[in-house]
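All remarks here apply to the structure that follows.
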Amino acid sequence: MRVLSGIQPTGRFHWGNYFGAIRQYIDLQHDADEAFYFIANLHALTTVRHGGQLRQLTRDAAIDLVALGLDPDKATLFIQSDVPEVSELCWLLMTGASMGLLERCHAYKDKKARGVSADAGLFAYPVLQAADILAYDSDTVPVGEDQVQHIEVCRDLASGFNHQFGQVFVLPKAKVLAHAARVPGTDGEKMSKSYGNTLEVFEDPKAQRKRIMRVVTDSRPVEEPKDPETDHLYQLYALFAGEPAREAMAATYRRGGFGYGQVKKELADLAEAFFAEARERRRRLEARPERIREILGDGAARARRKAAEVLLRAQQACGVKL
Ligand code: ADP
Ligand code: TRP
């Protein structure tokens, strides 16, 4: 199994990103024959339009991933833009990508529907994503539900190219991540940067505790029994609690006679303890920028070797290599 996935550095990682994606990439590094994980800064450029900010978010994303357990000896970690072969491959795929196919892609379609003017980068976003995947002969792409459409586009583009020019690309499969469906945010909607309802993985615990205490809850009387499964505060609690604590909390909900404030306090304690080790690792890494540079440098070199091989195959097949 050759695993590949990317994550955009469009903001600091939140619990939705961690439980919905990052944790599972990290687990997969042990099962894969090869695992490539990259920080999709070229994709992020479609939304982050400030150089200093993008640089900082990219660097933070790399440190965060290693602090959270991505092991550079097991997986190849790199920055998307450090592999220029991908951008070249993107052009080869762009020719032959039908406008209709891209018009149906949700990132572009949703923006257009909201009346926001989209640029060509956003329109071509799925083609670059396809190049990311195909450049490494990846066969397994772990992603959240929201990305399944992009993997389908990748398969379409790859099979179209193969059909036209011969067997060049490996057709990948999406591996839809458990939990990826929805971690709720502080307002009960899906946790997302764009809704401003996130709880960040590496937020200062004190500040985070305050924000957890402000998680929106209903105003039903304390004594009323409640259904834990439909309660977003319980869903957040369940992310961190072990089985016995989860069961006990669910029983408390069903019985009634508890205050949401108590649940919030317990949630804040659990979350702080859960990320304590990662926070400490992050603190140490942050103090060693040369180590991060080395990890990303090694990762980029390994990624480029593979991407150069695939790009050459594609160039030869379509006749742009004499
Ligand atoms: P955001 O919605 O905050 O902009 P991204 O789209 O950058 O987050 O998310 C990157 C990945 O993290 C997604 O593909 C998805 O797998 C996962 N993810 C994001 N938000 C959630 C969530 N609320 N619940 C579960 N997974 C999520
Ligand atoms: N579009 C993905 C997201 O927003 C990030 C991404 C870019 C990606 N290239 C990829 C994911 C290649 C998987 C494979 O989450």
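In each ligand, atom 1 is the first atom listed, and ligand 1 is the first ligand listed. Sequential numbering from 1 along the given sequence is applied to the chain's residues. All of these numbers come straight from a predicted model, not from anything done at the bench.
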For atom [atom1] of [X], decide whether the heavy atoms of other residues, nucleotides or ligands shown that lie under 6.0 angstrom number more than 12.
| X | atom1 | result |
| --- | --- | --- |
| Lys175 | NZ | no |
| Arg220 | CZ | yes |
| Phe258 | CZ | yes |
| His163 | NE2 | no |

With atom 17 (C) of ligand 1 as the reference point, say which of Gly16, Pro142, Gly196 has the nearest heavy atom. Gly16
Just go through Gln8, Lys193, Gln147 and tell me whose heavy atom is the nearest to atom 7 (O) of ligand 1. Lys193
Can an N or O of [X] be found at a distance shorter than 3.5 Å from an N or O of ligand 2?
| X | result |
| --- | --- |
| Tyr125 | yes |
| His150 | no |
| Gln129 | yes |
| Gln80 | no |

Ligand-side contact atoms (ligand 1) for residue partner [X], heavy atom cut-off under 4.0 Å:
| X | value |
| --- | --- |
| Lys190 | 20 (N), 21 (C), 22 (C), 23 (N) |
| Asp146 | 13 (C), 14 (O), 15 (C), 16 (O) |
| Met191 | 20 (N), 21 (C), 22 (C), 23 (N) |
| Gly144 | 16 (O) |

Heavy-atom distances under 4.0 Å decide this one: backbone, side chain, both or neither, for [X] against ligand 2?
| X | answer |
| --- | --- |
| Ile151 | neither |
| Asp146 | neither |
| Leu4 | side chain |

Side-chain heavy-atom pair Gln235, Leu239 within 4.5 angstrom cut-off: no
Non-hydrogen side-chain atoms of Val201 and Asp64 separated by less than 4.5 Å: no
Is it true that Tyr260 and Asp218 share a donor-acceptor pair across their side chains at a distance under 3.5 Å? yes
The residue among Leu70, Thr76, Val66 that forms side-chain contact (heavy atoms from CB on, under 4.5 Å) with Ile295 is Val66
Among all protein heavy atoms, pick out the one at the shortest distance from [atom]; state its residue, atom name and that distance to 0.1 Å.
| atom | answer |
| --- | --- |
| atom 5 (C) of ligand 2 | Gly6 O, 3.5 Å |
| atom 7 (C) of ligand 2 | His43 ND1, 3.3 Å |
| atom 4 (O) of ligand 2 | Gln8 NE2, 3.0 Å |

Counting both backbone and side chain atoms, is some N or O of [X] under 3.5 Å from an N or O of ligand 1?
| X | value |
| --- | --- |
| Ser192 | yes |
| Ala21 | no |
| Val143 | no |

Can you get from Tyr195 to Trp15 by hopping between Ile, Leu, Val, Met, Phe, Trp and Tyr side chains that sit under 4.5 Å apart? no
Pair [X] + [Y]: ring centers closer than 6.0 Å:
| X | Y | result |
| --- | --- | --- |
| Tyr18 | Phe13 | no |
| Tyr136 | Phe78 | yes |
| Tyr237 | Tyr253 | no |

Would you kindly specify which portion of Leu177 sits under 4.0 Å from ligand 1, judged on non-hydrogen atoms: side chain, backbone, both or neither? neither
Please name the residue in the list Arg288, Arg283, Arg284, Arg282 that meets the salt bridge (charged side-chain N to carboxylate O under 4.0 Å, His left out) test with Glu286. Arg282
Among the heavy atoms of His14, does any lie under 4.0 Å from an atom of ligand 1? yes
